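One structure is given here, and the rest of the page talks about it.
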There are 2 protein chains.
Amino acid sequence: MTTIISGYVNQHHLRMTRDPGCTCEYCELRELFVDNLDGDELDIVCTGKVERDYVQGASIIKEGTQIREFSYLKSGLVKLLRTDTSGKEQIISIAKPMDYVSLLSVFSNQRYNYSVVALEDSVTCSLKMEEVRSLINDNGRLALNLLSKMSRMTDKLILDSLQIRVKHLRGRVAYLLLYFSEDVYSSDEFDLPLSRKEMAEYVGMTTENVIRTLSEFRKDGILKIYGKTIQIANMDSLKSIAEFG
Amino acid sequence: MTTIISGYVNQHHLRMTRDPGCTCEYCELRELFVDNLDGDELDIVCTGKVERDYVQGASIIKEGTQIREFSYLKSGLVKLLRTDTSGKEQIISIAKPMDYVSLLSVFSNQRYNYSVVALEDSVTCSLKMEEVRSLINDNGRLALNLLSKMSRMTDKLILDSLQIRVKHLRGRVAYLLLYFSEDVYSSDEFDLPLSRKEMAEYVGMTTENVIRTLSEFRKDGILKIYGKTIQIANMDSLKSIAEFG
DNA sequence: CAAACGATATGATAAATGTCATAACATGAC
DNA sequence: GTCATGTTATGACATTTATCATATCGTTTG
């Protein structure tokens, strides 16, 4: 579009499109979308990307809508969920920054078969699917890194799902609490980003039984509970329950 | 390795390595590994691929071993499984031809974190990982198709796992029977490739309760059971149970 | 052939989970 | 403030599932 007159102008042009407002050089996904790209490719990403802010509770993706973008989570926390035939919601997984939001379906289906909702204030960064396809087509290193990244993500997702599937209620709840403590907040004290109802939708049990289990953990001295704030008082017990109970 | 003397010799050389014994042109994976490759690339696949036969019950991949190959199932049926901390086996999923055996881990981990065992006499076809990486690196069309294929597979796997997670025993068993009937054998009468114990390992319940549930289905006129042979007598009921029960 | 073993099957009972009812509490709407 | 609403919480009870015991059947082993 812009006619290049000289090397200098070209450089200037590149700087203009990458800056200001293009913070791709400082993206957490450097390793994937920056380090693997040459100048022109990075330019496509920089000018093509769209960042969006979502407040807690906002809908990011609606099940059934067309897939036009490849998105990932820059900051915040989201849940992936489906609505079953009887209208009940089932939480498939929880994604934190660096987990791809567009994990499932993007490269296969035309439409999302799940929804995404912000559990905390969140920021996403999206590229048009055609652009991503084009980049992959032209850049083998990017393709390999993307395969590796997606493989790692789905691997974890599948094994987490298996863990929950084979455990009983206490084990499922303990597993979920440990996920927040270890993988998300890196602390033994944190604010639960899920309601008890959502926890139930995730572990596949009833809300009452999730509440009861939390109460049991409290009575057993494993947890201290102040509303949504959870403090893990006996980490060893919780881990033991998550693994065997 | 072979010095090329002339165009003719080169052609001859290619024919020799692709034929005889190279049936890649007739592979079920044409769409992926043949249609996307040019002559030289196809040559790499043809000469590099290794086919292996496994009898029913044979171990194909052992959890914890190094990943050196990218494999898929040409014929037969296999189960993917893990051994949990207490030594109990958990079946992650069942794979039929065209499902990638090397679905998980291949592009991320150094080692398999699951095992693969033949449920029926099976044939696998494998390529060295380095060769696959090299092909992907050089061929964007192959990369995109592989991403699409893997995306489709993991998508189904994750949603299947979710379905089983949220259902009760009757629903889980019904879902599994429908999988065999619809996805594997395309018939309402088939021989169960799993023992009752393996079915239990898959649905995450006890062997006794799987047996009991099958008996219930028989008493309710939904199934006819002759040992391992299952005939679905009331498909509508079974589907209804798989969906709601 | 008998013996040993695993898979299938069923019953009795204990434990886990779901369902229904009720209440306390916080929050936002008016 | 009052009201309505949703979340958290607990109890009573019904249902589902796990555990343990036992028996049959078929296959393998010697």
Side-chain angles (χ1 to χ4, degrees), chain A residues 55-57 79 84 86-91 117 119 164-177 191-220 223-231 241-242 244-245, chain B residues 55-57 79 84 86 88-91 117 119 164-177 191-220 222-231 241-242 244-245:
Chain A
V55 297
Q56 186 185 340
K79 63 175 175 178
D84 75 4
S86 63
K88 254 186 67 176
E89 291 190 349
Q90 306 160 337
I91 296 185
V117 171
L119 292 174
I164 289 177
R165 194 166 99 197
V166 298
K167 287 182 198 312
H168 288 183
L169 180 49
R170 285 168 62 90
R172 294 182 185 199
V173 173
Y175 194 82
L176 182 54
L177 292 174
D191 283 359
L192 270 177
L194 298 180
S195 68
R196 312 293 196 259
K197 180 159 171 281
E198 285 173 317
M199 289 180 69
E201 284 166 357
Y202 186 59
V203 302
M205 302 274 169
T206 59
T207 308
E208 295 96 318
N209 279 329
V210 168
I211 292 171
R212 250 185 276 270
T213 303
L214 288 173
S215 294
E216 277 176 35
F217 287 169
R218 176 172 47 71
K219 285 170 194 162
D220 294 347
L223 297 181
K224 291 186 178 172
I225 304 178
Y226 317 98
K228 286 214 178 297
T229 304
I230 298 282
Q231 189 191 334
I241 292 169
F244 304 107
Chain B
V55 297
Q56 185 185 342
K79 62 174 175 179
D84 74 5
S86 62
K88 254 186 68 176
E89 290 189 351
Q90 307 160 337
I91 296 185
V117 171
L119 292 174
I164 289 177
R165 194 166 100 196
V166 298
K167 287 180 198 310
H168 288 183
L169 181 48
R170 286 168 62 91
R172 294 183 185 199
V173 173
Y175 193 82
L176 181 54
L177 292 174
D191 283 0
L192 269 176
L194 298 180
S195 68
R196 310 295 196 260
K197 180 159 170 283
E198 285 172 317
M199 289 180 69
E201 285 166 356
Y202 186 59
V203 302
M205 303 273 170
T206 58
T207 308
E208 294 97 319
N209 280 329
V210 169
I211 292 171
R212 249 185 277 270
T213 304
L214 288 173
S215 294
E216 277 176 35
F217 287 168
R218 176 173 46 71
K219 285 169 193 161
D220 294 346
I222 297 169
L223 297 181
K224 291 185 179 173
I225 305 178
Y226 318 96
K228 286 214 178 298
T229 303
I230 298 284
Q231 189 192 333
I241 293 169
F244 305 106

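These numbers come from a predicted model, not from an experiment. In the text below, chain A, chain B and the rest are named by the order of the sequence lines, each starting its count at 1.
Looking at heavy atoms from C-beta onward, L223(A) lies in side-chain contact with L177(A) at the 4.5 angstrom threshold. L194(B) is listed as a side-chain neighbour of L119(B), based on a closest heavy-atom distance under 4.5 Å. The closest side-chain heavy-atom distance from V173(A) to F217(A) is below 4.5 Å. In this structure, the side chains of K224(A) and R218(A) stay at 4.5 Å or more apart for every pair of heavy atoms. Side-chain atoms of Q90(B) and E201(B), non-hydrogen and from C-beta on, never get closer than 4.5 Å to each other.
To the nearest angstrom, P of dA16(C) lies 9 Å from CD of E216(A). dG18(C) atom C1' lies 10 Å from atom NZ of K88(A), rounded to whole Å. The distance between atom CG of L214(B) and atom P of dA7(C), rounded to the nearest whole Å, is 16 Å. In this structure, NE2 of H168(A) is placed 11 Å from C1' of dT16(D), rounded to the nearest angstrom. Regarding K197(B), its NZ atom lies at a distance of 10 Å from the P atom of dT8(C), rounded to whole Å. The interatomic distance linking L169(B) (CG) with dA15(C) (P) rounds to 20 Å, in whole Å. For the pair R165(B) CZ and dT17(C) P, the computed distance is 16 Å after rounding to whole Å. Between the CD1 atom of I211(A) and the P atom of dT22(C) there is a distance of 18 Å, given to the nearest Å.
No side-chain donor-acceptor contact under 3.5 Å links R165(A) to the backbone of R165(B). Judged purely by atom type and a 3.5 angstrom limit, K167(B) uses its side chain to pair as donor or acceptor with the backbone of A242(B).
In this model, the phosphate group of dT8(D) is approached by a side-chain N or O of K228(A) to a distance below 4.0 Å at OP1 or OP2. Here N209(B) reaches the OP1 or OP2 of dA18(D): one of its side-chain N or O atoms lies under 4.0 Å away. Between T206(B) and dT19(D), a side-chain N or O to OP1/OP2 separation shorter than 4.0 Å is absent. Taking 4.0 angstrom as the limit, R196(B) places a side-chain polar atom (N or O) nearer than this to OP1 or OP2 of dT8(C).
Checking M205(B) against K219(A), the closest nucleotide of DNA chain D that is more toward the 5' end is the one next to K219(A).
For E208(A), taking side-chain heavy atoms from C-beta onward, the closest of the listed nucleotides dT8(D), dT19(C), dT10(C) is dT19(C).
If one axis is set at each end of the helix from dC1(C)-dG30(D) to dC30(C)-dG1(D) from five pairs, those axes are 40° apart, to 10°.
Side-chain atoms of R172(B) and base atoms of dT17(D) include no donor and acceptor less than 3.5 Å apart. In the interface, the side chain of R212(A) is not paired with the base of dG18(C) through any donor and acceptor atom under 3.5 Å apart.
Note that R170(A) lies outside the cation-pi zone of F244(A), set by a 6.0 Å cut-off to the ring centre and a 45° limit from the axis.
Among the protein residues, S215(A) comes within range of the sugar-phosphate backbone only, with heavy atoms under 4.0 Å from sugar or phosphate atoms but none that close to a base. R218(A) comes within contact range of the sugar-phosphate backbone alone, with a heavy-atom separation under 4.0 Å but no base atom that close.
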